[in-house]
Amino acid sequence: MKHFHVRQVSARRRRRRALSKFPVYLCLVPALVFLVVFSYYPFFSAFYHSLFKWDGVNSTFVGIKNFVDLAGDDRLGPSVKNIFILTSAGVFFALTLPLIAAVFIHNLKSERMRTIYRFVFTMPLVIPWVVTVLVWQFLYDPLDGPINRFLIAAGYPEFVRAWLADPDIAIFALTLIGGGGTGVGFPFVAGLNLLVYLSGLNNISSEVKEAAILEGATSWQMFRSIELPLIRTQIRINLVMTIITQLQAFHTIILLTRGGPGYSTMVPGMAMYQDAFEFSRMGYASAIGVVLFAIMMVITLIANNRLRSSTDFDPN
């Protein structure tokens, strides 16, 4: 009887604790609703409608025809080439310049200087990306742009170009802006990538570094043998996020070139936008999105397996 009474008391206490937490869970409901409506529903809807000829209102089941038609799309070849160029440039800028800046900031002796440099490099995060794009549009202006004016003043008029209107160089001009829209174009150090690297460097045990110094390790040896291997997790994060952003983004291109001249700056995201909102082929656009998702998943899985750090948690 005594044990039965104890179990009853314990059950009542558990119910009271659960009820006391109910208002907290209730506060999460709006966030969950918005998450389902604006994230999960469009995600699964894209998979579903990729099997239909759908204009946003009427739909007809066509199976895998949309995916078959992708292989014959005139934009496919240029899009693949351009996204490879933009992603390669984006990865280079995202992985190298912020890493170099992070190492220098981390090794500064003055905490005040470290704070100042962190502020300087992260301040651009609050500047809308469209502002940066418009600045570069002015720089690339074929008539009054500072780049062409500088080339003429320096005595190199033969190098003057319509940078965003020349099909041979337009895609390379976009790489300096950050291409698809990652905000890591030359010569900027991406603030978010910098913070990710700094968090990894700050978590390295000071005892490990002190032992290396006692062994006579130089700064380069310290970076190559200790710091770099121990921040592979941060490298992986920046790599995956940059690739995903580049594959998805197209807002720089839609603002400056709209995929032209011709298809010289066309990317999958721009093609998907055109099909959905200009040609009313939303089923076909959904198929493009599904293929992009599959590519990003494969890249993420490969990066997670290949760039493991010794400090990563292994459930096995």
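Not measured: the values here are computed from a predicted model. Values reported hereafter were calculated over all heavy atoms of this structure, with side chains retained and with hydrogens, waters and symmetry mates removed.
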Query - Short side-chain donor-acceptor distance under 3.5 Å, D141 and W163 - result: no
Report task. Report, as yes or no, whether the 6.0 Å neighbourhood of atom CZ on F61 holds more than 12 heavy atoms from other residues, nucleotides or ligands. Result -> yes
Query - Heavy-atom neighbours of F223 CZ exceed 12 at 6.0 Å - result: yes
Query raised in the report: Between E278 and R258, is a salt bridge (Lys or Arg N to Asp or Glu O under 4.0 Å) present by the stated rule, with each step listed?
Result: CA-CA 12 Å; E278 294 180 8; R258 298 191 65 84; 2.2 Å; yes
Query - Rounded distance [0.5 Å steps], CD1 in I299 versus CD1 in I243 - result: 5.0 Å
Query raised in the report: More than 12 non-hydrogen atoms from neighbouring residues, nucleotides or ligands closer than 6.0 Å to OH on Y40, yes or no?
Result: no
Query raised in the report: For the atom pair CD1 (I231) and CD1 (I226), what is the distance rounded to the nearest 0.5 Å?
Result: 12.5 Å
Requested in this report: May I ask you to check if R281 and Y284 form a cation-pi contact, with NZ or CZ under 6.0 angstrom from the six-membered ring centre and within 45° of the axis?
Outcome: yes
Query raised in the report: Are more than 12 heavy atoms from other residues, nucleotides or ligands located less than 6.0 Å from atom CZ of F279?
Result: yes
Query raised in the report: Is there a donor in the side chain of T265 and an acceptor in the side chain of T257, or the other way round, less than 3.5 Å apart?
Result: yes
Query raised in the report: Side-chain contact, heavy-atom cut-off 4.5 Å: N66 with F52?
Result: no
Query - Heavy-atom neighbours of Y140 OH exceed 12 at 6.0 Å - result: yes
Requested in this report: Start with the C-alpha gap between R75 and D275, add the side-chain angles, then the distance that decides, and say whether salt bridge (Lys or Arg N to Asp or Glu O under 4.0 Å) holds.
Outcome: CA-CA 11 Å; R75 300 168 299 179; D275 283 307; 2.6 Å; yes
Query raised in the report: Is the count of non-hydrogen atoms from other residues, nucleotides or ligands lying under 6.0 Å from F84 atom CZ greater than 12?
Result: no
